[in-house]
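I have placed the structure first, in the form of structure tokens, so that the comments after it can refer back to it.
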Amino acid sequence: MAKNPEATDNRRGRPPTRSRRPQPRRAKAAPAVSSADIEDLAPSVPGAAATAAAVPAALRPHLLRWYDAHRRDLPWRRASGGEEERAYAVWVSEVMLQQTRVPVVVGYYERWMARWPTVRSLAAATQEEVNEMWAGLGYYRRARFLLEGAKQIVEKGEFPHTASALREVRGIGDYTAGAIASIAFNEAAPVVDGNVVRVISRLYAIADNPKESSTMKRFWELAGQLVDPLRPGDFNQAMMELGATLCSKTKPGCSGCPVKSHCQALALSLESSSVQVTDYPRVVPKAKPRSDFAAVCVVQIAQGLGEEVTDTKGNDDLLLLIKRPEEGLLAGLWEFPLVLVDEGKTDLLNRRKAMDKYLTKLLSNDVGWKSDVILREDVGEHVHIFSHIRLTMHVELMIINLKDGVDRLCKKEDESTKLKFANESSVDSMGLTSGIRKVYNMVKAFKEKRLSASERSQVSTRKRSRRSKQ
């Protein structure tokens, strides 16, 4: 980062000096950590004791004046109503903002609040409705926790007002509890997210590994010292706003920073060309995601089925969907038949063997025996990146004509896997994950291309037939 001549001590008109320049302390090597919700990084109980230098009292008014003048106009900041309505808006927005960029969240937030404007309306929703609304935001356990937390709050009869009480709600950790308590209920509770970590790390020139629990505890302690007791909610939002805008990861705007005179990282960078503001916080390499491989089969049933076993409107073809288990990755979400395969067995023959075995076990039907396979072709592959998994999905389309009714396909009720048959218009409106939605779009494009080629072939055949008759 270029040196900033404007970052001077207000009293002396020059950068603050030190008798000895602190050297960034190298923490012992620690295993790389994959990305996780900020709730997972917070200590179980934030410390409150002062363990660092005294908090500069002048920092608070400078930061708050800057926030009042420059804060972004975001829909959750315009939430009206009483404390509980405000708390619900903060809760929804903060959960959505974890691991997701603000521009993406705005649309989701507005649609969510239009459908479920209060915690009581959310508590009456189903998990499938919530999943559909959440589709595309990722980290689906957040949506599940929102619904479970809403049901818990409604059952108790009131929205918790303190950070400690909020932490008792399903899915609400230290960060979200501090945000709700400070913004909605004016409690002087700290918050620490990635933006706040960056700001505090630079203010205090903390070079330790920010993923280690001892370092994170220190960030919470410092945040607790910094929070303004009179305007805690605005102060916490100001810290997050500063980290999200001026105090960015790679290009911090130090010249316009309202607290530059208190920033130790900036002071060190002005004293030595070997130190950069962007050296703080310390960058910890993420763990390399493991590579998984899967066979995905979009099964299209080209025969009208009885209304008693479908939720479709019409006689068009149906697609088979499988509901994932209620625990684990993408819990409770719908997908096309998918089976993991070994890296050395991703060729078409082995993938089809694995898929046929899976379908045979899943359904009371041997695909090759009780159905006519009209078409079965390889569509392509799609790589989907989770925080800790790189999943390569090899996609095929199988169109079958059933010899038995669909009710003969389903296993007994005691099976944990649930099945669903839906037409294309229903699938278009379903809340599929972004990876499964990509697979579905690949198949649709494949079918359209194949149909177009078939039509061209038919036209060519008709032309040749007419010429032969002349």
Side-chain angles (χ1 to χ4, degrees), residues 292-306 309-312 314-324 330 333-342 345-384 391-411 415 417-428 430 432-433 435-455 457:
D292 284 353
F293 303 86
V296 181
C297 187
V298 177
V299 179
Q300 179 175 331
I301 302 172
Q303 178 175 321
L305 304 171
V309 290
T310 71
D311 59 354
T312 61
N315 297 320
D316 52 340
D317 295 347
L318 301 177
L319 299 173
L320 172 62
L321 294 161
I322 312 298
K323 190 174 186 180
R324 292 183 63 88
L330 305 178
L333 297 174
W334 292 98
E335 65 183 10
F336 300 111
L338 179 153
V339 59
L340 294 176
V341 296
D342 294 336
K345 295 184 177 181
T346 58
D347 59 281
L348 183 59
L349 179 60
N350 278 302
R351 284 190 280 114
R352 286 189 174 179
K353 284 182 178 179
M355 179 55 66
D356 289 349
K357 182 178 180 180
Y358 172 68
L359 289 174
T360 300
K361 181 178 179 180
L362 179 70
L363 309 172
S364 297
N365 176 61
D366 184 318
V367 173
W369 177 44
K370 294 187 178 180
S371 65
D372 292 327
V373 177
I374 300 172
L375 177 144
R376 189 172 190 178
E377 289 196 26
D378 209 24
V379 174
E381 68 179 55
H382 170 61
V383 178
H384 188 72
L391 178 63
T392 301
M393 293 184 283
H394 297 271
V395 184
E396 68 172 337
L397 168 66
M398 181 165 65
I399 302 178
I400 62 175
N401 195 334
L402 293 179
K403 295 181 178 179
D404 296 319
V406 70
D407 56 327
R408 298 284 298 274
L409 290 176
C410 299
K411 297 285 281 183
E415 286 288 346
T417 305
K418 297 181 180 179
L419 310 179
K420 183 175 186 177
F421 297 90
N423 59 21
E424 289 196 359
S425 60
S426 297
V427 175
D428 285 336
M430 285 181 64
L432 302 177
T433 67
I436 295 300
R437 176 67 62 187
K438 176 65 175 179
V439 165
Y440 179 57
N441 290 337
M442 286 173 58
V443 170
K444 287 178 66 177
F446 174 83
K447 290 196 292 186
E448 290 171 1
K449 183 178 179 180
R450 185 180 178 86
L451 178 61
S452 177
S454 175
E455 289 175 344
S457 176

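When a residue number appears, it is its place in the shown sequence, counting from 1.
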So which atom in [X] and which in [Y] form the shortest heavy-atom distance, rounded to 0.1 Å?
X: D378; Y: F446; value: O-CE1, 4.0 Å
X: A302; Y: I374; value: CB-CD1, 3.9 Å
X: L330; Y: R324; value: O-CD, 3.4 Å
X: L397; Y: V298; value: CD1-O, 3.4 Å
X: H394; Y: F293; value: NE2-CD2, 4.5 Å
X: L340; Y: L391; value: CD2-CD1, 4.1 Å

Within 6.0 angstrom of K447 NZ, more than 12 heavy atoms from elsewhere: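 It does: K447 NZ has more than 12 such atoms within range.
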Answer yes or no: is there a side-chain heavy-atom contact under 4.5 Å between [X] and [Y]?
X: T433; Y: E335; result: no
X: K438; Y: H384; result: no
X: M398; Y: V373; result: yes
X: E381; Y: T346; result: no
X: L321; Y: F336; result: yes

Pair Y440-D428, side chain to side chain contact (heavy atoms under 4.5 Å, CB included): steps then yes or no: CA-CA 9 Å; Y440 179 57; D428 285 336; 3.0 Å; yes
When rounded to the nearest 0.5 angstrom, what is the spacing between [atom1] in [X] and [atom2] in [Y]?
X: F421; Y: D317; atom1: CZ; atom2: CG; value: 13.0 Å
X: L375; Y: I400; atom1: CG; atom2: CD1; value: 12.0 Å
X: L318; Y: Q300; atom1: CG; atom2: CD; value: 9.0 Å

Whether D347 side chain and N350 backbone form a donor-acceptor pair below 3.5 Å: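 Indeed, once roles are kept as given, a pair shorter than 3.5 Å links the two residues.
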Side chain R437, main chain M430, donor-acceptor under 3.5 Å: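 Yes, R437 side chain to M430 backbone: donor-acceptor pair under 3.5 Å.
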K353/K345 under side chain to side chain contact (heavy atoms under 4.5 Å, CB included): CA gap, chis, key distance, verdict: CA-CA 10 Å; K353 284 182 178 179; K345 295 184 177 181; over 6 Å; no
For N441, side chain to side chain donor-acceptor pair (under 3.5 Å) partners two or more places apart: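 Partners of N441 by the side chain to side chain donor-acceptor pair (under 3.5 Å) criterion come out as none, since no residue qualifies.
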For K357, all residues meeting side-chain contact (heavy atoms from CB on, under 4.5 Å), sequence neighbours excluded: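 Once residues adjacent in sequence are excluded, K357 has no partner under the side-chain contact (heavy atoms from CB on, under 4.5 Å) criterion.
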Side-chain donor-acceptor contact under 3.5 Å, N423 with S426: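 Short answer, yes.
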Steps toward side chain to side chain contact (heavy atoms under 4.5 Å, CB included) verdict (E396, M355): CA-CA 10 Å; E396 68 172 337; M355 179 55 66; 4.2 Å; yes
Side chain to side chain contact (heavy atoms under 4.5 Å, CB included) between I322 and L419, worked out: CA-CA 5 Å; I322 312 298; L419 310 179; 3.4 Å; yes
